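Since the structure is predicted, the reported quantities are computational estimates derived from the model, not experimental observations.
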Amino acid sequence: MTAVIAGAAFYEVVLAVHIMAVVVAFGVTFAYPIMFALTAKHEPRSLPLMHRVATAIDRMLVNGGLVVVLAAGAYLASKGHSWSEFFVQWGLGAVLVIGALVGAVMIPTGKRARALAERDLEASGDGEIVFSAEYQAVVRRLQAVGSLLSGLVLLTILFMAIQP
Ligand code: HEM
């Protein structure tokens, strides 16, 4: 195994790091809809915790991973003289849009959703749990932007993989 790694060019190792960062940054985000749907159905009192977990993942894994994706991608584009290629320009745009939406929408909206869920659970007391229209609207915004981000990640992987 050591011989296999030693035989690889540094460029290929950086490409592997680029792809690893994509997996680490975005992999878990594709599970969010399942996590939230099951929590809402079976354990609604844990929804504030789920929002806290998702927001922490967005901050640490998604934002942190994006920096590595960008740094490794920049090295690959420089070494491969591909800065002017469509897929690289697209990748840069994707990193900017993802970073902006995660920082300006997903993280603050996730915090807001947690606060609203806590408020609604407190108001429900030990009785039937009723989540407010306000909470549901905030969750819908999280779902809409989350789906957009997932689609953008998949499209970007497609463009990176089919580059000439
Ligand atoms: C969300 C953003 C990104 C995703 C999901 C992504 C994903 C990927 C994947 C999966 C590959 C492997 C494709 C293959 O080898 O067939 C790849 C290759 C590559 N990426 Fe990205 N990438 C992103 C952003 C960027 C950025 C911002 C840059 C440049 C600044 C970049 C530059 C490259 C280059 C040059 C390659 C080709 C390496 C080669 O095949 O020799 N990527 N990317």
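Here the closest heavy-atom approach between residue Val14 and residue Ala72 is recorded as CG1-O, 3.7 Å. Residues Thr156 and Ala94 approach most closely at OG1-CB, 3.5 Å, considering heavy atoms. Here the shortest heavy-atom pairing between Glu85 and Pro164 reads OE1-CG, 4.4 Å. Residue Pro48 comes nearest to Ala117 through the heavy atom pair CG-CB, 3.9 Å, listed as atom of the first residue, atom of the second, then distance.
The distance from the CE atom of Met160 to the CD1 atom of Ile19 is 10.5 Å, given to the nearest 0.5 Å. Distance check: Leu96 CG to Leu101 CG gives 11.0 Å after rounding to the nearest 0.5 Å. In this structure, the separation between CG on Leu76 and CH2 on Trp83 is 9.5 Å, given to the nearest 0.5 Å. In this structure, CG on Leu47 lies 7.0 Å from CZ on Phe36, to the nearest 0.5 angstrom. A distance of 11.5 Å separates CZ in Arg112 from CG in Leu142, rounded to the nearest 0.5 Å.
Met60 and Met50 sit in two unconnected hydrophobic clusters of ILVMFWY residues. Membership requires side-chain heavy atoms under 4.5 Å apart, directly or through other members. Under a hydrophobic-cluster definition in which Ile, Leu, Val, Met, Phe, Trp and Tyr are linked whenever side-chain heavy atoms come within less than 4.5 Å, directly or via other members, Met20 and Tyr11 are assigned to different clusters. Val95 and Val24 are members of different hydrophobic clusters when ILVMFWY side chains are connected at heavy-atom separations under 4.5 Å.
For residues 50-66, the side-chain hydrogen bond (donor to acceptor under 3.5 Å, both in side chains) pairs, not counting sequence neighbours, are Tyr32-Asp58, His51-Tyr135.
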Exercise for the section: Show your working on side chain to side chain contact (heavy atoms under 4.5 Å, CB included) between Val97 and Leu152 and close with a plain yes or no. Expected result: CA-CA 9 Å; Val97 170; Leu152 183 56; 3.8 Å; yes
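At distances below 3.5 Å, at least one donor-acceptor pair connects side-chain atoms of Ser124 with backbone N or O atoms of Val130.
Between Leu92 and Gln89 the shortest side-chain heavy-atom distance does not fall below 4.5 Å.
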